[in-house]
Amino acid sequence: MKPKINFAMIILAFSIFLAISFSQSELILSYTILEREIYPNSYATLNLVLQNPTNSQIKSIKIMFEAEDNNIQVIPNSMELDVLDAKSSFNQNFLIKIGQTAKTSNIRVYVSYYLGSERKSFYLNIPIKIVRFPIIYFSRISFSNDYLEIGKNVTLSIDITNNGYSAAK
């Protein structure tokens with residue numbers, strides 16, 4: 001029984017090695033959103049980095065952005081790069097326009113390219129967390145009496161309006 005377990009472990013280890021080697025031999029896409037917080041009716045900057053760890057050129061790279069929420073827009077919404085040389089990288093910034101009613105969602109990044117004569121593609125989800133906060137206004141403040149006497153009640157009336165981006169508690 002012991003030899004079967006050892007053989008199975010060797011096959012598993014070799015499979016993991018092949019998976020790691022394969023994943024490291026492709027186009028690598030990484031991103032950073034430069035703003036710490038994203039608010040409705042604002043803009044954010046998406047920094048995209050393409051890395052070619054291979055010993056070959058990667059050609060005809062096409063990137064398209066598609067937001068789940070129609071109130072979020074990436075500008076420009078696509079990019080093409082003819083060649084990414086071996087062992088090199090490419091860095092590009094994109095503007096993300098956040099609409100007034102935009103909600104937390106994802107931007108899906110579709111990537112296609114050629115490595116040698118083989119066409120490859122993948123996609124990546126970029127989460128966009130929109131910070132919403134209430135903006136509370138108090139207006140029409142009135143009292144039932146101008147003075148508060150000992151042991152008596154005064155009725156206070158206030159109109160409260162939330163002009164913010166989320167419910168107030």
Side-chain angles (χ1 to χ4, degrees), residues 12 15-141 158-169:
L12 178 64
S15 298
I16 292 171
F17 172 75
L18 285 177
I20 291 170
S21 298
F22 180 74
S23 68
Q24 294 301 317
S25 66
E26 300 291 329
L27 178 67
I28 298 171
L29 178 100
S30 59
Y31 69 89
T32 306
I33 296 178
L34 301 183
E35 287 71 21
R36 293 176 69 87
E37 294 182 334
I38 301 172
Y39 298 98
N41 205 29
S42 69
Y43 292 88
T45 305
L46 171 66
N47 177 259
L48 203 63
V49 178
L50 297 168
Q51 293 175 304
N52 179 359
T54 72
N55 292 321
S56 303
Q57 288 184 332
I58 295 178
K59 297 180 180 180
S60 301
I61 301 170
K62 295 179 183 177
I63 299 174
M64 291 179 38
F65 299 96
E66 183 179 277
E68 289 176 357
D69 184 337
N70 291 334
N71 296 297
I72 298 174
Q73 180 183 8
V74 179
I75 303 169
N77 68 348
S78 64
M79 177 189 102
E80 293 187 20
L81 186 63
D82 291 333
V83 174
L84 184 59
D85 288 326
K87 305 289 185 191
S88 68
S89 63
F90 178 80
N91 189 351
Q92 179 72 41
N93 285 339
F94 296 86
L95 193 62
I96 303 173
K97 182 179 179 183
I98 309 296
Q100 181 77 23
T101 59
K103 295 184 176 27
T104 294
S105 61
N106 291 307
I107 294 173
R108 184 163 277 187
V109 183
Y110 296 97
V111 181
S112 66
Y113 60 96
Y114 283 89
L115 185 56
S117 62
E118 187 178 354
R119 184 178 188 276
K120 300 189 176 248
S121 63
F122 65 92
Y123 72 89
L124 171 74
N125 282 327
I126 299 176
I128 303 296
K129 183 178 189 290
I130 298 173
V131 177
R132 298 186 165 278
F133 52 90
I135 301 172
I136 306 300
Y137 290 100
F138 299 94
S139 60
R140 289 198 254 174
I141 302 170
I158 304 173
D159 285 352
I160 302 173
T161 306
N162 180 356
N163 287 335
Y165 303 109
S166 69
K169 295 181 180 180

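Using a distance-only test at 3.5 Å, with no hydrogens or angles considered, no donor-acceptor pair links the side chain of Gln100 to the main chain of Pro40. Judged by distance alone, the side chain of Lys59 and the main-chain N or O of Val83 form no donor-acceptor pair under 3.5 Å. No donor-acceptor pair closer than 3.5 Å links the side chain of Asp69 to the backbone N or O of Ser105.
Rounded to the nearest 0.5 Å, atoms CD1 (Ile28) and CZ (Phe122) are 9.0 Å apart. From Asn52, atom CG reaches atom CD1 of Ile58 across 3.5 Å, with rounding to the nearest 0.5 Å. Here the CD1-CG distance, from Ile61 to Leu27, works out to 5.0 Å after rounding to the nearest 0.5 Å. In this structure, the separation between CZ on Arg36 and CD1 on Ile38 is 12.5 Å, given to the nearest 0.5 Å. Separating the CG atom in Asp159 from the OG atom in Ser139 is a distance of 4.5 Å, to the nearest 0.5 Å. Taken from CG in Leu81 to OH in Tyr113, the straight-line distance is 13.5 Å, to the nearest 0.5 Å.
Nearest heavy atoms, Leu115 versus Gln57: CD1-O, 3.9 Å. The minimum heavy-atom distance between Pro127 and Asn106, with the atom names listed, is CA-OD1, 3.2 Å.
Under the 4.5 Å side-chain criterion, counting only non-hydrogen atoms from C-beta, Ile63 is in contact with Leu50. Counting heavy atoms from C-beta outward, Ile126 and Val109 have side chains that approach closer than 4.5 Å. Between Thr54 and Glu26, every side-chain heavy-atom pair lies at or beyond the 4.5 Å cut-off. Between Leu48 and Phe65, some side-chain heavy-atom pair lies under the 4.5 Å cut-off.
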Could you walk me through whether Lys62 and Ser78 pass the side chain to side chain contact (heavy atoms under 4.5 Å, CB included) check? CA-CA 7 Å; Lys62 295 179 183 177; Ser78 64; over 6 Å; no
Validation: residues 90-97 side-chain donor-acceptor distances under 3.5 Å, sequence neighbours left out:
residue	atom	partner	partner atom	Å
Asn91	OD1	Asn47	ND2	2.5
Asn93	OD1	Asn47	ND2	2.7

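The side chain to side chain contact (heavy atoms under 4.5 Å, CB included) with Thr104 is formed by just one residue from the set Ile128, Ile130, Ile72; it is Ile130.
For Tyr31, the OH atom counts as densely surrounded, since its 6.0 Å shell holds more than 12 non-hydrogen atoms of other residues, nucleotides or ligands. Around atom CE of Met64, no more than 12 heavy atoms belonging to other residues, nucleotides or ligands sit under 6.0 Å away.
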